Amino acid sequence: MELTDNIFAVTRKIRFAESDPAGIVFYPEFFRMFNDLFEDWMEDVIGVDFPVQFSKHQRMFPLVHVEVDFKRPRAMGQFLKLVFVLTGLGRSSMHFTIIGLDGDDNSGPEILRGQFVNCIASKTSQKSIPLPDDMRPAMEAYLKLCEGIGD
């Protein structure tokens, strides 16, 4: 997979606590990893401070759609590189793909691939709201960086 240094990715070691009795990742743990990656991308790339969003602005970022193909298991002690590829923006939604690769480089086999949609919503009304003007430009710039990745 061709990735530039500008594409957000995190490499992590699979821990005992994430494993089931067979020693492989218990699938709900992947969803925690996906959420962590989304939060890290929002903070590190977009500049969003999650605690401020929740407490001051009363905003949340719920997952509204997900499809994941798990292609290979990950065992305790192995490494997993999670790559965040933004694929689209809507009025209040962020569409993205997460690609999991074996190891710490971009040459390992694909472990998983998922398509996700998160939205931004008001904590008080529990309804979606438009992406704020202070977030959208950084998201649009990142979307351009992601063109053609993971196709």
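The structure displayed is predicted, hence computed values, not measured ones. FYI, the numbering just counts along the sequence from 1. What's counted below: heavy atoms across the whole structure, side chains too, no hydrogens, waters or symmetry copies.
- In this structure, the separation between SG on Cys119 and CE on Met94 is 7.0 Å, given to the nearest 0.5 Å.
- Between Met33 and Glu18 the shortest side-chain heavy-atom distance falls below 4.5 Å.
- A distance of 8.0 Å separates CG in Leu80 from OG1 in Thr11, rounded to the nearest 0.5 Å.
- Heavy-atom minimum distance, Arg15 versus Met76: C-CG, 4.1 Å.
- Scanning both residues, Val48 and Glu43, for their nearest heavy atoms gives O-CG, 2.9 Å.
- Note: the hydrophobic cluster containing Val10 also contains Met42 (ILVMFWY, side chain heavy atoms under 4.5 Å, direct or indirect links).
- Side chains of Pro130 and Arg136 form no contact here, defined as non-hydrogen atoms less than 4.5 Å apart.
- Looking at heavy atoms from C-beta onward, Arg113 lies out of side-chain contact with Glu67 at the 4.5 angstrom threshold.
- A distance of 7.5 Å separates NE2 in His65 from CD in Gln115, rounded to the nearest 0.5 Å.
- Residues Leu63 and Val117 share a closest heavy-atom pair of CD1-O, 3.5 Å.
- Here the two rings, on Phe34 and Phe31, have centers that are under 6.0 Å apart.
- Considering all non-hydrogen atoms of both residues, Leu86 and His95 come closest at CD1-O, 3.3 Å.
- If you take CG on Asp134 and CG on Leu131, they are separated by 10.0 Å, rounding to the nearest 0.5 Å.
- Within the model, atoms CD1 of Ile99 and CG of Leu112 stand 9.0 Å from one another, a figure rounded to the nearest 0.5 Å.
- Under the 4.5 Å side-chain heavy-atom criterion for Ile, Leu, Val, Met, Phe, Trp and Tyr, Phe38 and Val25 are members of the same hydrophobic cluster.
- Using a 4.5 Å cut-off on side-chain heavy atoms (C-beta onward), Ser92 and Ile129 make no contact.
- Cys146 places none of its side-chain heavy atoms less than 4.5 Å from the side chain of Thr87.
- With respect to Arg32 and Glu29, a salt bridge is recorded, a charged nitrogen being found less than 4.0 Å from a carboxylate O.
- Within a 6.0 Å sphere centred on NZ of Lys13, other residues, nucleotides and ligands contribute 12 heavy atoms or fewer.
- The shortest heavy-atom contact between Leu101 and Val83 is CD1-CG2, 4.2 Å.
- A single hydrophobic cluster is not seen to contain both Val64 and Val85; linkage of ILVMFWY side chains at heavy-atom distances under 4.5 Å, directly or through other members, places them apart.
- Pairing each heavy atom of Ala75 with each of Gln78, the nearest pair is N-OE1, 2.6 Å.
- Rounded to the nearest 0.5 Å, atoms CG (Asn35) and CG (Asn118) are 7.5 Å apart.
- Transitive grouping of hydrophobic side chains (ILVMFWY, heavy atoms separated by less than 4.5 Å) brings Leu37 and Leu145 into a common cluster.
- No continuous path of ILVMFWY side-chain contacts below 4.5 Å connects Ile24 to Ile111, so the two sit in separate hydrophobic clusters.
- Between Lys127 and Ser122, the closest side-chain pair of non-hydrogen atoms is not below 4.5 Å.
- When atom types are taken as modelled, the side chain of Glu147 and the backbone of Leu143 share no donor-acceptor pair closer than 3.5 angstrom.
- With contacts defined as side-chain heavy-atom distances shorter than 4.5 Å, the pair Tyr27/Asp20 does not qualify.
- A distance of 6.0 Å or more separates the ring centres of Trp41 and Phe96.
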Under the ring-ring contact (aromatic ring centres under 6.0 Å, His included) rule, what do Tyr142 and Phe8 come out as? Steps first, then yes or no, please. CA-CA 9 Å; Tyr142 189 78; Phe8 188 73; 7.7 Å; no
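- Between Phe70 and Phe30, the gap from one ring centroid to the other is short of 6.0 Å.
- Here the side chains of Gln53 and Met135 are in contact, with some heavy-atom distance below 4.5 Å.
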